[in-house]
Amino acid sequence: MEPVRPEFAPDPDLSRDEMEALQHDVADAAEFTDSFDFAPTDVTANHVPPETVTGVNETLSTGGPDAGDDDTESGGIGAASDSERPLIAGVDQAFLDDHAVSAVVLLRGSTVVDRVYAVTELSTPYIPGLLSFREGGPIIDALSAVERDPDLLVFDGSGRIHYRQAGLATHMGVVFDTPSVGVAKNLLCGTPAESVTDRPAGWRTPIHADADVNADPGTVIGHAYQSRQYDTNRTINPLYVSPGHRVSAETTVELVAAVGGKYKLPEPTRLADAYADEVKRDLSE
DNA sequence: GCGACAG
DNA sequence: ATCTTGTCGC
């Protein structure tokens, strides 16, 4: 795929004020309403709702072809096989000295159909709120190597949950004008509607815009979503999911749940994370 | 000045 | 994000 709107590409050489100005433009260009042509229920064959797990490792599965196709899943009119399912791209990075290894794993259902990566020199430090100016370039490099246009991009980081409603997922979604969602492990800004501690799998609560966010106070900019949970001692923190581009806050939760597997992180992102680490390891030997 | 802050 | 062993619990 290629950047459809390169004018929004994050230039790491901009001044801080210019970066923030560009983010305002990105937020204005972003669409936080559903605008994609596949059903969330077609994303995966096995719509296993989030479970409360008892163990840690069960059977190792890295997304290889599944044993059989289920033509009789919920809905009935869904895709019959992985080959008909929407193309989902998971994006994540690993770092090595002053270089970023950006990895993209493409999935159709539970089948990994492609993996690409790019090694790019970093030119800007990590600054909360300006992440896309550090990782955006490297990510664009990797996504540009993807042959087919994904139906959805899943990022490791925030989307609309951002001071200027222009987090990494939103910024990249706008640059490629592709539906995208952000999945962060920590909350950047905004206020959860209720306590997020020790919640059962499947639980979610809205994240509202507060004084730190450039949006009408109370606007739902994302959700805390408990993808997995243990039934005993230790507890797992929730994920903070938010719209990137062309997806609503509510649908974002549904999509993240749909692409989620048996781990805390959704499969696309989890596999991209592992791939980035793998490339990094091979690269440092 | 103090506190807060995705990856 | 990254630097890293053991350890608790199923």
Side-chain angles (χ1 to χ4, degrees), chain A residues 10 12 16 19-20 23 26-27 51-60 90-103 119-140 142 153-173 180-192 196 207 209-214 221-225 228-244 252 256 262-266 269-270 272-281 283-284:
Chain A
R16 181 170 185 134
M19 289 180 174
E20 296 187 356
Q23 292 185 322
V26 167
E51 307 165 25
T52 291
V53 295
T54 298
V56 181
N57 289 313
E58 294 167 44
T59 305
L60 293 174
V91 185
D92 192 31
Q93 313 192 77
F95 301 89
L96 186 52
D97 293 321
D98 55 347
H99 287 271
V101 175
S102 302
V119 179
T120 310
E121 183 164 15
L122 294 164
S123 45
T124 301
Y126 163 69
I127 296 173
L130 299 177
L131 180 65
S132 60
F133 290 90
R134 172 178 171 77
E135 308 190 346
I139 288 174
I140 290 175
L153 303 176
V154 182
F155 292 95
D156 193 26
S158 285
R160 194 180 186 183
I161 293 181
H162 179 273
Y163 306 121
R164 292 165 289 282
Q165 301 190 81
L168 182 69
T170 299
H171 204 140
M172 294 298 100
S180 63
V181 297
V183 180
K185 294 180 285 296
N186 292 289
L187 185 60
L188 173 64
C189 58
T191 307
V196 305
I207 299 299
D210 55 25
D212 294 335
V213 181
N214 180 42
I221 55 178
H223 290 81
Y225 171 59
R228 304 290 289 182
Q229 188 54 278
Y230 291 122
D231 56 9
T232 53
N233 298 312
R234 263 183 299 188
T235 70
I236 297 177
N237 292 139
L239 291 174
Y240 293 94
V241 306
S242 58
T252 294
V256 172
K262 41 197 292 192
Y263 299 90
K264 171 177 178 175
L265 295 178
T269 289
R270 194 178 71 77
D273 178 86
Y275 185 42
D277 281 341
E278 181 187 325
V279 172
K280 172 184 174 180
R281 180 176 63 71
L283 231 47
S284 56

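Order of the sequence lines sets the chain letters (A, B, ...), proteins ahead of strands, with each chain counted from 1.
- Whole-Å rounding puts the His99(A) NE2 to dA1(C) C1' distance at 16 Å.
- Atoms CZ (Arg164(A)) and P (dA6(B)) sit 13 Å apart, rounded to a whole Å.
- Remark: ring of Tyr240(A) does not overlap the six-membered base ring of dA6(B) in a stacked fashion, as centroids less than 5.5 Å apart with planes less than 30° apart are not both met.
- Atom CD in Gln93(A) sits about 12 Å away from atom P in dG7(B), given to the nearest Å.
- Counting heavy atoms from C-beta on, the side chains of His162(A) and Ser242(A) never come closer than 4.5 Å.
- Nearest to the side-chain atoms of Arg234(A) among the listed nucleotides dC5(B), dC8(C), dG9(C) stands dC8(C).
- The side chain of Tyr230(A) contributes no N or O atom lying less than 4.0 Å from OP1 or OP2 of dG9(C).
- Contact annotation: Lys280(A) does not reach the phosphate of dA1(C) (side-chain N/O to OP1 or OP2, under 4.0 Å).
- Remark: Lys185(A) is not in phosphate contact with dA6(B), judged by side-chain N or O atoms under 4.0 Å from OP1 or OP2.
- dC10(C) atom C1' lies 13 Å from atom CD1 of Ile236(A), rounded to whole Å.
- Per the geometry, CZ belonging to Arg281(A) stands 18 Å off C1' belonging to dC3(C), to the nearest Å.
- For the pair Tyr163(A) OH and dA4(B) P, the computed distance is 12 Å after rounding to whole Å.
- For dC5(B), neither phosphate oxygen OP1 nor OP2 lies less than 4.0 angstrom from any side-chain nitrogen or oxygen of Asn186(A).
- In this entry the distance linking CZ of Arg134(A) with C1' of dC5(B) reads 15 Å, nearest Å.
- The pair Asp92(A)-Arg270(A) does not count as a salt bridge, with every side-chain nitrogen at least 4.0 angstrom from each carboxylate oxygen.
- Taking atom CG of residue Asp212(A) and atom P of nucleotide dA4(B), one finds them 11 Å apart after rounding to whole Å.
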